[in-house]
Each structure stands twice: as structure tokens, then as C-alpha cells.
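Count residues from 1 along the sequence.
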Amino acid sequence: MSLKATYENVPSEAEHYFDQHRWEWQDRFLRGSTALYDPIFTPLFTSLFTALNFSAATASLLGAGAAAIATTALAIGIQALLAPKPPKPEDGKIPKVQSIPYRQWGVGRNRVAGAFMLWEAVGKKLYSVQAIAGHKIKSINRYWLHDDEVTLQSNGVINTGTNYKTNVQIFSRLGDVPEGPYTSITADLAAGGIWTNDHRGDGQASLGMICTSSTAELQQKRFPYGPPQLSVEADLALCWDFRDPDQDPDDPDTWEWTRNAALIMAWHQCFNEFGHHRDYRRAILPVLDMWQEEADVCDEQVPLAGGGFERRYECNGFDTTENDPKAATNAILASCDGWTCERGDGALLFVAGKYREKYLTTLTDDDIVGHQIEYDVLFEDECNRLIPKFCFPDIGYATSDTDFFEDTSAQLISGRVLARDANYQWVQQWRQARRLGKRDWLRLQEKVAGQLNVRLSGINSVYSRWVRLDTPNMLPKLNGKIVENRKSVLSLLQGGFVMDIMRHPENIDAWNPVIEEGAMPSTPPKPDADGIPTPVINLVQARPNGDSVYIRVVIIDPADETLIPVVRYRLADAGSGTPGPWIEQRVPNPVPSGGYIDISTTVVPSGKLFDIQAAFIASDGDYGNWGITANVTSIVDPTAPGSPVNMSAVNASGTVTVSATAANDNTRYLIFKRGTTAQSWAAATVIGQYNVTANQTIAIPNTPGAGTWKYWCGAENGSGIPSGSQASTTITV
């Protein structure tokens with residue numbers, strides 16, 4: 001399908017704008033630097049090309065390409081230093097103190113403190129109000145004073161159990177319009193005009209706090225760190241899910257909270273007050289099918305090494321109006337290995353990080369007029385260790401790193417470790433950071449990058465993420481290879497378009513969680529005021545039990561037999577967007593295994609999203625702090641999938657290509673294993689596990705070494721129920 005755009009008439013507003021800036025844009029155009037990204041530039045360039053005696057059709061074609069831009073996650077070297085970035089996750093828990101603070105906004109779930117709007121001491125009380133988001137948010141889940149987590153009574157007074165006792169009262173507002181005032185604060189400050197009932201903060205999510213000083217002897221004990229710094233865990237922006245017919249893009253009251261990276265990108269581009277302000281009717285609706293598919297890709301269930309699944313790409317982060325909107329755009333793209341391109345008609349193309357043939361185009365020798373390709377990198381650009389970094393809620397929403405990727409052979413040649421960071425600061429799942437890190441690591445190992453000067457005949461490839469090169473004469477080394485379009489801009493002096501490319505790894509989507517998932521980052525237990533550690537959840541999983549479903553929760557063993565684990569769960573939405581009541585379940589006699597404690601809940605309703613938390617109870621009955629909130633959807637499918645079909649293994653120079661096709665049923669995953677002919681399916685080694693749909697074929701390369709080998713392929717449904725049998729084949733290498 002051609003992605004060419006045609007403009008027959010130039011809007012009068014664009015003509016007026018062009019008349020004011022004619023010589024500026026002509027100068028940029030003649031210097032070949034027309035990397036322009038605003039939708040207005042397409043008709044401007046159309047007007048310019050027509051004025052330069054291009055035909056109307058050619059002018060509209062050239063104008064359509066002027067706004068092309070592609071962006072993906074990893075930037076290294078000078079690019080990483082210059083790229084705008086949102087605040088670090090740990091910066092969010094410190095409230096800003098300045099006369100006119102920048103407004104903050106956020107998506108997903110984050111720990112935030114915002115900025116002080118009020119900080120006033122009257123008598124023995126301290127009053128404060130903090131603005132945490134310049135838009136309506138879904139909820140506030142947890143509260144901290146400094147790094148001490150506190151819980152609230154119905155009137156906002158904190159519960160006993162911390163040094164603060166009941167000397168602190170906390171309030172919150174979600175940002176409704178109109179919003180309600182903090183009456184407990186205005187009752188004391190309104191008379192002096194300091195803070196009145198008119199200080200509502202319509203449309204602004206905020207926190208209020210009243211601290212009451214104690215006697216001189218107890219003041220240091222009550223407030224050991226001075227005036228408390230209040231921060232909260234909040235579920236932030238509500239976004240339009242264009243897959244839900246009940247949600248109206250023109251009615252924010254119908255929107256829902258989400259962590260889906262594609263939905264968040266659409267919100268930031270079109271609806272975020274602090275975003276790019278695109279018209280969704282122009283940017284999203286013309287390519288709605290693409291956006292819906294990419295949102296589904298982000299929601300795909302990826303298998304975990306310990307069992308269960310997690311969504312492929314979730315996004316959680318916050319930013320301030322101090323930064324350009326592109327800082328958040330880059331952070332969102334990094335969270336899903338995303339790619340964007342603005343089409344000439346203003347439609348915004350978006351592709352998440354999962355290779356698909358449908359987004360592949362071809363450039364031939366006839367489409368390329370020049371090239372500059374580098375088949376290796378300079379020593380100062382070498383990277384033989386890549387360290388993925390992400391925001392880890394288990395350590396107080398601070399930056400952490402995962403197991404790194406490295407090439408020890410390259411380190412020996414270089415004589416030292418040449419490490420680079422891969423920054424995924426809007427990612428909060430360590431396994432997701434590992435998956436993203438592997439994709440960028442494979443790209444770095446290709447070491448093939450450069451530029452192509454593309455004729456106008458190759459315009460469709462400008463709007464495609466992946467390009468196959470059919471170039472036996474122009475680029476014989478890359479003939480038949482796939483490259484990734486990193487960025488394309490119009491430059492007629494270079495032949496039409498300049499396309500920045502990078503060699504695309506053939507196995508970029510391969511992921512074996514058993515081998516590649518790595519270990520959970522270190523989370524040293526942090527005792528609360530009573531010395532009880534806070535548990536760390538390693539895994540949550542919905543498990544079928546006949547026609548019903550229960551929740552499996554795996555926590556790290558505290559190595560203390562006196563502690564009783566307890567889990568609690570609730571419906572994330574029991575109706576009208578409010579969560580249901582917590583249901584607790586104790587495990588009085590846990591049986592640790594391999595450093596973990598495995599807990600199973602009672603039967604829960606199926607097809608619902610649940611919040612899960614865990615805590616420890618000491619021998620005297622005191623509760624420790626509840627851990628971070630995990631989420632799981634109780635999907636249950638008791639029907640086993642069919643065995644895979646069309647299993648084959650083909651040897652080519654020692655590399656075996658193994659392939660199988662999913663049955664035409666509820667198959668969700670294909671699992672490939674390899675072993676000897678004497679081994680069973682259970683004893684064989686997993687070599688790959690892949691998300692699939694009915695009738696989908698998966699082919700993977702494997703290098704087993706000389707000998708006779710047996711390959712198996714089994715299937716699982718969305719609830720982890722395996723197929724009754726597996727397909728298999730034997731081959732001699």
C-alpha cells in the first residue's frame with residue numbers, strides 16, 4: 001500500500017506563515033537541512049516546491065516526505081549526552097521548593113512528591129500543599145514521610161507504629177473540576193488570606209499535610225529528620241483506549257488508567273496538555289488499525305522463567321514542563337523499543353518492538369543514488385558490555401540495573417571493559433528491561449550502520465521501519481539483508497531522502513526466559529519501625545483449577561521462621577473505577593524452597609484485574625509494611641491446546657533450522673526443546689519459547705554440534721495449560 005500523500009490546496013494559514021518565513025526556509029532547503037517535524041511544514045514545502053516550478057503532483061509528493069522522522073530506544077556516545085531526558089525516578093520523591101515551580105505530569109504508576117504550593121507554620125502546626133500532577137489522576141495508593149511508609153485513618157491522621165505517632169494528618173485530591181478545598185487547612189489559614197476555600201486547584205492533583213509539633217523533650221523523637229517530606233505512590237493519567245468502543249476520545253470521563261506504552265504514546269501526542277498537541281483525527285484515526293495492533297503487541301503475555309506471564313511493554317514515568325515534550329516521547333519509545341514516523345498527511349505511524357513482515361519494504365539499486373556505510377566502529381565507540389537501567393519499585397522507586405550483556409572475547413581484544421548504559425527509566429519491570437537490553441545489545445553487535453541517499457522512488461521505505469536491500473551492485477555486502485530505518489529526512493541535494501540505517505539482527509525477537517531472563521536485582525530487606533522486614537514479590541500468576549482460577553504469589557524467603565507471610569488481594573476496579581476491599585490470606589506454616597515461598601490464594605473471580613500485596617506478621621501479631629502492589633489478570637482457560645503440527649528440522653552447515661506450526665485452536669505459546677534420543681520431553685533443554693496465534697509458524701536456528709539430536713515442540717494456552725503431547729523430529733548433524 002502506498003503511503004504517498006497529496007495536497008491539492010495549501011491552507012491560507014500556511015501561506016501566511018510561509019510568506020513570513022520564506023527566505024529562512026528556502027535557505028534551509030538549499031542547504032539540505034529540512035528535518036522538520038511539525039504537521040504545518042508539509043503544506044509549506046508543497047507551496048515552496050510549486051513556487052520552484054515543480055509540478056503539483058511532484059510538489060505534493062516531496063512535501064509528503066519532509067516531515068519523516070524515526071526514533072528508537074538506544075542512544076550512545078554524544079547522542080546520549082545531548083538527548084533530553086525526564087527527571088530520574090528517585091527525584092520524584094523529593095518535593096520541589098521554588099517560587100514558581102514547573103508543573104509535573106505522569107503516566108502509569110510512580111512515586112511522586114510534586115512541588116510545594118504552600119509551606120506555612122502557624123503556632124504549633126505546619127501546613128503544606130503539594131501539587132503532584134497538572135491533570136486528573138486515577139488514585140493515590142501509598143504514602144511515605146521521608147522513607148518511612150505510613151498508612152492513614154479515615155480522617156487522614158496517620159496510624160501509630162512510626163516515630164510520628166499521630167502528629168501528622170494527610171489529605172489528597174485527584175484533580176477533579178471543580179476540585180474541593182482542603183477545609184482542615186483553610187479553617188486555620190483562611191482568616192489571614194493565606195489559604196482560602198478559593199485555593200482549590202481545579203484539575204490539579206495535590207496533597208495536603210498538617211504536622212503538629214510535640215513537647216520539647218519529644219520533638220526530636222517525633223520528627224527525627226526535621227519537617228517530614230511527603231511523597232506518594234500514585235496511579236496517574238487516564239488515557240483513551242482506542243480499542244474500547246465505550247471510550248470516547250472527546251470525553252475524558254470515559255477514559256481509563258493504563259500502563260500500555262502505545263496508549264500512553266497516543267495520549268502524549270494528542271491529549272496531554274504538556275505534550276505535542278496533535279489532532280487525533282489527523283494523527284491517529286487515519287492509521288487506527290496500526291495503533292490498535294501495536295497496543296495489542298504491548299499487551300501480549302510474555303512467559304516468565306518461574307511460570308506465569310507479564311505484559312510485553314509497560315510504561316510508567318513522570319516529567320515536568322521544564323522539558324520539551326520530546327524528552328517524554330523518547331522515554332516512551334525506549335520503554336517499548338518503539339519507532340515513530342510522521343506521514344505527509346499528518347498521520348503518525350507507530351511500531352512497537354516486534355518484527356513483522358507487514359512493515360518490511362524493499363529498496364533496490366535503482367532506488368539508491370549514494371551511500372556511506374561503516375562496517376565497524378571506532379575504538380571510542382566500541383561497546384563490549386551493555387548495562388540495562390530501569391526504575392525499580394522494590395527499592396523505593398529508584399534507578400537500578402539488571403544483569404548486563406557482555407562479549408568477553410571482545411573485552412580480551414580491547415584489553416578492558418567498554419561499558420555503556422541502556423537507559424529505560426520509564427520501565428519498572430526488571431524482566432522487561434532485560435528484554436529491551438537484549439534487543440539493543442544485538443543491534444550494537446551488528447556494527448553496521450550508515451546512511452543511504454534514496455531517490456523519490458523509494459518514498460515508501462521512508463515510512464517503513466524495516467527495509468530489505470535488493471542491492472547486488474550498489475551494496476553487495478548488504479544484498480538481501482534487512483536494515484532498520486532509524487531516521488529519514490528530505491534532502492533533494494542528496495537525491496531525495498537521507499536515511500540513517502542500522503543492520504537489523506535476524507534473531508532480535510528470540511527470547512528464552514529460562515536462559516536469558518537473568519536474576520532479580522538485589523533488594524535488601526528494609527525493616528519497618530518494629531523491625532519486621534518488608535517482603536519482595538518475585539512473581540504473581542493466575543492459575544487455573546478446573547473451571548475456576550486462583551492466584552499464585554511467590555515471595556523471597558526472609559530466612560526467619562518466626563515470620564508469617566500474608567497476602568492480600570482486591571479487585572482493581574470493583575465498579576465506577578474504584579477498587580474493591582482487601583481480602584487477606586495468611587500462610588501460618590510456609591515451606592520455603594530454593595530461596596522462595598510459594599503462596600496460593602483461594603478461588604477468585606475469573607477475567608478480572610487484581611491488586612496483590614504481601615507482608616510479614618511477627619510472632620507478637622504485629623504487621624510489617626505491605627510491599628509494592630503487583631497486578632495480575634485472572635484469565636482462565638482450562639482447555640489444553642492441540643499439539644503443534646508440521647514439525648521439521650533442516651541442517652545447513654551445522655546450523656539446524658527447527659520449525660513448527662501452532663494448531664488452529666487456543667494455542668498461545670510454542671516451546672521448543674532439544675535433547676538426545678534417549679531423553680524425554682521433560683528432561684530436554686529449552687531452546688525457545690514464543691508467543692503465537694492459531695496456525696502461526698515459528699522457525700528458529702540452533703547449533704547443537706555434531707551428533708544425533710531430537711527436537712520437540714509443545715504448546716501452552718494463555719493459562720499455562722500444556723498440550724497433551726508434543727511434536728518431535730530427529731536429525732543427525
Any side-chain to backbone donor/acceptor pair from [X] onto [Y]? Under 3.5 Å, distance only.
X      : Y      : value
Asn512 : Val686 : yes
Trp466 : His504 : no
Tyr669 : Gly714 : no
Thr601 : Ile551 : yes
Thr361 : Ser464 : no
Arg674 : Trp712 : no
Asn646 : Thr661 : no
Ser723 : Ala715 : yes
Ser634 : Pro605 : yes
Asp509 : Tyr355 : yes

Hey, is [X] close enough to [Y] for a salt bridge, meaning N to O under 4.0 Å?
X      : Y      : answer
Arg443 : Glu484 : yes
Glu300 : Lys354 : yes
Glu293 : Lys358 : yes
Asp421 : Arg385 : no
Glu314 : Arg109 : no
Asp296 : Arg243 : yes

Nearest 0.5 angstrom please: [X] [atom1] to [Y] [atom2], how far?
X      : Y      : atom1 : atom2 : value
Leu386 : Leu436 : CG    : CG    : 11.0 Å
Asp299 : Arg311 : CG    : CZ    : 5.5 Å
Ser680 : Gln726 : OG    : CD    : 9.5 Å
Arg420 : Leu418 : CZ    : CG    : 8.0 Å
Ile482 : Arg465 : CD1   : CZ    : 12.5 Å
Asp403 : Glu516 : CG    : CD    : 12.0 Å

Is the closest side-chain donor-acceptor distance between [X] and [Y] under 3.5 Å?
X      : Y      : result
Asn260 : Thr258 : no
Tyr359 : Asn485 : no
Asp365 : Thr471 : no

Would you indicate whether the side-chain heavy atoms of [Y] and [X] approach each other to under 4.5 Å?
X      : Y      : result
Leu452 : Ile373 : yes
Cys391 : Gln428 : yes
Ile721 : Thr639 : no
Asp407 : Gln445 : yes
Gln429 : Glu310 : yes
Tyr596 : Ile555 : no
Thr340 : Leu333 : yes
Val454 : Ser461 : no

Checklist entry - Is the count of non-hydrogen atoms from other residues, nucleotides or ligands lying under 6.0 Å from Gln696 atom CD greater than 12? => result yes
Item to check | More than 12 heavy atoms from other groups under 6.0 Å of CD on Glu380 | outcome: yes
Checklist entry - Would Lys481 and Glu446 satisfy salt bridge (charged side-chain N to carboxylate O under 4.0 Å, His left out), going step by step from the backbone distance to the final call? => result CA-CA 12 Å; Lys481 305 300 182 182; Glu446 292 293 336; over 6 Å; no
Closest non-hydrogen atom pair, [X] against [Y]:
X      : Y      : result
Pro592 : Asp557 : CB-OD2, 3.4 Å
Val427 : Ala433 : CG1-N, 4.0 Å
Phe392 : Met520 : CZ-CE, 3.8 Å
Phe309 : Gln301 : CB-OE1, 3.2 Å
Cys713 : Ala660 : SG-CB, 3.7 Å
Ile612 : Ile537 : O-CD1, 4.2 Å

Item to check | Parallel, tilted or perpendicular: rings of Phe610 and Tyr569 (30°, 60°) | outcome: perpendicular
Next on the checklist: Set out, in order, the CA-CA distance, both residues' side-chain angles and the distance that settles side chain to side chain donor-acceptor pair (under 3.5 Å) for Ser457 and Asp367, then state yes or no.
Outcome noted: CA-CA 6 Å; Ser457 60; Asp367 298 320; 2.7 Å; yes
Item to check | Verdict with supporting geometry, Asp337 and Tyr424, side chain to side chain donor-acceptor pair (under 3.5 Å) | outcome: CA-CA 10 Å; Asp337 190 25; Tyr424 311 116; over 6 Å; no
Against the six-membered ring of [Y], is [X] placed for a cation-pi contact (under 6.0 Å from the centre, within 45° of the normal)?
X      : Y      : value
Arg434 : Phe405 : yes
Lys673 : Tyr711 : no
Lys438 : Trp511 : no

Checklist entry - Does the side chain to side chain donor-acceptor pair (under 3.5 Å) test come out yes or no for Thr667 and Asp665, once each step is laid out? => result CA-CA 6 Å; Thr667 298; Asp665 58 8; 2.7 Å; yes
